[in-house]
Amino acid sequence: MENDDDQKKSSPSVLGINTDQKKKGTGGEKKIRNPRFAFKTRSQVDILDDGYRWRKYGQKAVKNNTFPRSYYRCTHQGCNVKKQVQRLSRDDAIVVTTYEGKHTHPVQKTTDNFEQILNQMQIYLPTN
DNA sequence: CGCGTTTGACCGGCGC
DNA sequence: GCGCCGGTCAAACGCG
């Protein structure tokens with residue numbers, strides 16, 4: 001078998017993905033940047049339905065925090081938006097939701113409840 | 001049946 | 001040069 005490479009994993013060849021994750025180019029520079037903004041919400045659950053569908057792709061513990069952080073990604077065609085949810089170690093009742101990227105599709109669910117959540121959430125603009 | 005979720009393992013970059 | 005950390009992906013399973 002060919003094992004040449006047995007190395008496993010690897011290869012994302014077929015995926016072809018892309019996105020732009022990091023790439024450095026030579027200068028080219030893309031115009032697009034990933035807008036990042038975070039929300040501080042007071043909730044007991046990290047799953048806040050903002051009207052979009054999210055798929056969890058990982059969970060890792062954070063330093064300085066006894067609670068783990070959850071990574072979510074938007075499952076829309078052409079919508080490469082990423083979202084991360086983290087709980088404050090000091091206030092387990094506070095949930096911080098960070099959105100990265102911009103949605104290319106409009107929301108059709110508009111959860112009214114979400115509107116109420118906005119009422120409790122505070123906006124955080126990274127020192128960006 | 002399809003989708004979403006979970007866990008483990010791997011990779012790259014950086015520091016010293 | 002090496003080790004460490006963070007971050008992401010893959011596969012498999014269960015549910016409605």
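Scope of the values below: all heavy atoms of this structure, side chains included, with no hydrogens, waters or symmetry mates.
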Using whole Å, report how far CG of A:Asn80 lies from C1' of C:dC9. 17 Å

From the candidates B:dG4, C:dT8, C:dG7, the one with an atom nearest any side-chain atom of A:Lys82 is C:dT8

Applying salt bridge (charged side-chain N to carboxylate O under 4.0 Å, His left out), can you list everything that pairs with A:Arg87, at least two apart in sequence or on another chain? A:Asp46

Distance below 4.0 Å between A:Arg73 side-chain N/O and C:dC9 OP1 or OP2: yes

Go through C:dG7, C:dG6, B:dG4 for me and flag the one nearest to the A:Lys63 side chain. C:dG6

Please enumerate all residues that pass ring-ring contact (aromatic ring centres under 6.0 Å, His included) together with A:Tyr57, with sequence neighbours excluded. A:Tyr71

In terms of ring plane angle, is the pair A:Tyr99 and A:Phe37 parallel, tilted or perpendicular, where the classes change at 30° and 60°? parallel

What does A:Lys60 touch in the nucleic acid at a heavy-atom separation under 4.0 angstrom: a base, only the sugar-phosphate, or nothing? base

Whole angstroms only, please: what is the CZ-C1' distance between A:Arg53 and B:dG2? 11 Å

Looking only at the side chain of A:Arg69 (C-beta and beyond, no hydrogens), which of the listed nucleotides B:dG4, C:dG7, C:dG6 gets closest? C:dG7

Protein-nucleotides 5-7 of chain B N/O pairs closer than 3.5 Å?
{"residue": "B:dT5", "atom": "OP2", "partner": "A:Trp54", "partner atom": "O", "Å": "3.1"}
{"residue": "B:dT5", "atom": "OP2", "partner": "A:Lys56", "partner atom": "N", "Å": "3.0"}
{"residue": "B:dT6", "atom": "OP1", "partner": "A:Lys56", "partner atom": "NZ", "Å": "3.3"}
{"residue": "B:dT6", "atom": "OP2", "partner": "A:Lys56", "partner atom": "NZ", "Å": "2.4"}

With A:His76 via ring-ring contact (aromatic ring centres under 6.0 Å, His included) - residues at least two apart: A:Tyr52

List, by chain and number, the other hydrophobic cluster members for A:Leu88, where Ile, Leu, Val, Met, Phe, Trp and Tyr join if side-chain heavy atoms come within less than 4.5 Å, directly or indirectly. A:Ile94, A:Val96

For the pair made of CZ in A:Arg36 and C1' in C:dG7, what is the distance, rounded to whole Å? 13 Å

Suppose we screen for side-chain hydrogen bond (donor to acceptor under 3.5 Å, both in side chains). Which residues come up paired with A:Gln84, at least two apart in sequence or across chains? none

